[in-house]
There are 2 protein chains.
Amino acid sequence: MLSKKTKYGLKALTFIARSGSDTPVQVGEIAREEQIPQKFLESILLSLRKTGILGSKKGKHGGYYLRKDPSEVFMTEVMRVLEGPIAMVPCVSLNFYEKCDDCPDEDRCSVNKLMIQVRDSTLEVFKNTTLKDLSDR
Amino acid sequence: MLSKKTKYGLKALTFIARSGSDTPVQVGEIAREEQIPQKFLESILLSLRKTGILGSKKGKHGGYYLRKDPSEVFMTEVMRVLEGPIAMVPCVSLNFYEKCDDCPDEDRCSVNKLMIQVRDSTLEVFKNTTLKDLSDR
DNA sequence: GCAATTCCTACTAAATCGATAGGATTAATA
DNA sequence: TATTAATCCTATCGATTTAGTAGGAATTGC
């Protein structure tokens with residue numbers, strides 16, 4: 001299941017990308033338009049800022065803005081920030097690898113092999129989709 | 001994240017497929033060999049039986065067996081039983097469709113579009129992988 | 001009848017999710 | 001400089017899900 005955090009995050013990013021203008025977009029506006037609880041959205045945008053996808057301006061007339069062109073914001077990056085590892089098991093994760101405690105031999109593990117395939121096919125989608133693709137349609 | 005239930009279930013199915021023989025395989029044996037809590041595994045195999053993937057024999061010398069040849073047990077079926085919907089959001093699920101309450105227009109939803117792609121690519125993997133593939137390697 | 005097995009129901013501890021609350025900090029502007 | 005409006009930060013909380021555990025009923029082979 002996709003978490004609400006990710007769902008809200010993607011919608012917010014799309015909203016910001018669509019706004020186009022240079023002036024930052026405020027949390028309140030996004031929350032209102034996209035029907036997202038404002039306080040929850042605040043924390044989501046904050047994490048997107050901390051990882052460098054968004055920039056922010058504080059104080060009056062502040063808000064959030066994209067730090068790159070939407071066509072350069074890849075879903076691999078966004079999904080890892082919002083949803084965490086793309087792999088379904090840590091032992092096939094490229095960025096968050098961890099050995100399974102219960103699995104003695106990774107090379108002979110049937111789950112491992114299957115999940116590598118799932119990871120690769122999902123990755124392929126995320127690598128080929130940018131925020132521009134999301135906001136265009 | 002893949003649930004332990006699914007992981008254990010896949011390992012157990014692989015174990016049964018590898019055993020090859022006609023005599024049913026006992027929960028205790030699988031639990032011991034694959035390091036899975038026995039009582040937990042019982043409930044997992046039970047759900048696989050109820051959906052027709054496994055058959056069982058009760059009483060002494062009882063156990064579980066495959067109802068089809070491993071090459072006919074597709075991961076689509078197994079994953080749906082163990083892990084639930086393959087789609088990451090209900091609004092793109094083929095078998096468990098539900099409209100998003102918070103999303104007024106599905107056709108204009110950027111999340112929707114992205115998740116359809118992820119669903120299709122994952123489905124492609126599961127459609128082309130059978131229990132035979134898992135147990136062969 | 002006894003032993004070994006699946007089957008069934010109920011319970012529980014821990015983790016995660018989806019928020020909410022309250023205020024500190026910063027910046028524009030009157 | 002005071003006010004206002006925004007982001008930033010920390011803490012808390014209820015509900016749900018996960019990963020089991022417990023205990024025994026039902027069934028079968030010997």
Side-chain angles (χ1 to χ4, degrees), chain A residues 1-12 16 19 23-32 34-67 81-85 88-90 96 100-102, chain B residues 1-12 16 23-32 34-67 81-85 88-90 96 100-103:
Chain A
M1 268 298 134
L2 201 71
S3 67
K4 293 262 184 185
K5 178 181 175 184
T6 302
K7 201 172 172 187
Y8 292 160
L10 287 172
K11 288 191 173 194
I16 295 172
S19 91
T23 62
V25 184
Q26 293 180 1
V27 176
E29 186 186 353
I30 306 174
R32 200 176 339 105
E34 296 289 341
Q35 318 251 54
I36 302 170
Q38 176 154 351
K39 277 291 193 178
F40 192 17
L41 183 56
E42 265 183 37
S43 68
I44 296 169
L45 296 186
L46 213 47
S47 71
L48 286 167
R49 196 220 56 186
K50 283 182 178 166
T51 55
I53 295 174
L54 289 176
S56 69
K57 197 183 160 209
K58 283 183 166 185
K60 207 166 186 174
H61 304 148
Y64 290 92
Y65 53 88
L66 288 166
R67 300 197 58 180
V81 170
L82 293 173
E83 190 74 5
M88 295 184 81
V89 277
F96 303 86
C100 297
D101 42 351
D102 56 335
Chain B
M1 270 296 134
L2 200 70
S3 66
K4 293 263 186 184
K5 178 182 175 184
T6 301
K7 201 173 171 187
Y8 292 160
L10 287 172
K11 286 191 175 195
I16 295 172
T23 62
V25 184
Q26 295 181 358
V27 176
E29 185 186 353
I30 306 174
R32 200 177 337 106
E34 296 290 340
Q35 318 251 53
I36 302 171
Q38 176 154 349
K39 277 291 194 178
F40 192 17
L41 182 56
E42 267 183 36
S43 68
I44 296 168
L45 296 187
L46 214 46
S47 72
L48 287 167
R49 196 221 56 185
K50 282 181 180 168
T51 54
I53 294 174
L54 290 177
S56 69
K57 198 184 161 206
K58 284 181 166 185
K60 207 165 185 175
H61 303 146
Y64 290 92
Y65 54 90
L66 288 167
R67 299 197 58 179
V81 169
L82 293 173
E83 191 74 4
M88 294 184 82
V89 277
F96 304 85
C100 297
D101 43 348
D102 57 335
C103 187

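Lettering follows sequence order; numbering is per chain, from 1. Just so it is clear, the values below take in all heavy atoms, side chains as well, and ignore hydrogens, waters and symmetry mates.
- Remark: Lys57(B) in residues 44-57 of chain B come within less than 4.0 Å of DNA chain D through at least one heavy atom.
- Within the model, atoms CD1 of Ile30(A) and CZ of Arg32(A) stand 10.5 Å from one another, a figure rounded to the nearest 0.5 Å.
- If you take CD1 on Ile16(A) and CD on Glu29(A), they are separated by 9.5 Å, rounding to the nearest 0.5 Å.
- Taking Thr51(B) as the reference, Ile53(B), Val81(B) meet the side chain to side chain contact (heavy atoms under 4.5 Å, CB included) condition, with sequence neighbours excluded.
- Residue contacts for Gln26(B): at a heavy-atom cut-off of 4.0 Å it reaches the sugar-phosphate backbone alone, with no base atom in range.
- Take the nearest nucleotide of DNA chain D for Lys60(A) and for Lys39(A): the residue whose nucleotide is more 5' is Lys60(A).
- The stretch residues 1-12 of chain B has no heavy atom under 4.0 Å from DNA chain C, so no residue of it qualifies as close.
- Among the heavy atoms of the strands lying under 4.0 Å from Gly63(B) are primed sugar atoms or P, OP1, OP2 only; no base atom is included.
- Using a 4.0 Å cutoff to heavy atoms of chain B, the contacted part of DNA chain D runs 5' to 3' from dA19(D) to dC30(D).
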Side-chain donor-acceptor contacts of residues 1-8 of chain A below 3.5 Å, not counting sequence neighbours, with atom names and distances?
{"unit_1": "Ser3(A)", "atom_1": "OG", "unit_2": "Thr6(A)", "atom_2": "N", "d": "3.2"}
{"unit_1": "Ser3(A)", "atom_1": "OG", "unit_2": "Thr6(A)", "atom_2": "OG1", "d": "3.1"}
{"unit_1": "Ser3(A)", "atom_1": "OG", "unit_2": "Glu83(A)", "atom_2": "OE1", "d": "2.9"}
{"unit_1": "Thr6(A)", "atom_1": "OG1", "unit_2": "Glu83(A)", "atom_2": "OE1", "d": "2.2"}
{"unit_1": "Lys7(A)", "atom_1": "NZ", "unit_2": "Asp102(B)", "atom_2": "OD1", "d": "3.3"}

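- Rounding to the nearest 0.5 angstrom, the gap separating the CG atom in Leu45(B) from the CD1 atom in Ile36(B) is 8.0 Å.
- Reading DNA chain C from its 5' end, the first and the last nucleotide to sit under 4.0 Å from a heavy atom of chain A are dG18(C) to dT29(C).
- Considering only residues two or more places apart in sequence or on other chains, Glu42(A) meets the side chain to side chain contact (heavy atoms under 4.5 Å, CB included) condition with Val27(A), Gln38(A), Lys39(A).
- Across every non-hydrogen atom of Phe96(B) and Gly84(B), the tightest pair is CE1-C, 4.4 Å.
- Once rounded to the nearest 0.5 Å, the distance linking CG of Leu41(B) with CD of Glu34(B) reads 9.5 Å.
- Applying the side chain to side chain contact (heavy atoms under 4.5 Å, CB included) test to Ser56(A) and every residue at least two apart in sequence or in another chain returns Arg49(A), Tyr64(A).
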* CA sep, side-chain torsions, deciding dist, call: Leu46(B), Leu54(B), side-chain contact (heavy atoms from CB on, under 4.5 Å) -> CA-CA 8 Å; Leu46(B) 214 46; Leu54(B) 290 177; over 6 Å; no
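- A pairwise comparison of heavy atoms in Gly63(B) and Pro24(B) identifies C-CB, 3.4 Å as the closest pair.
- In terms of position on DNA chain C, the residue among Pro37(A) and Lys58(A) whose nearest nucleotide sits closer to the 5' end is Pro37(A).
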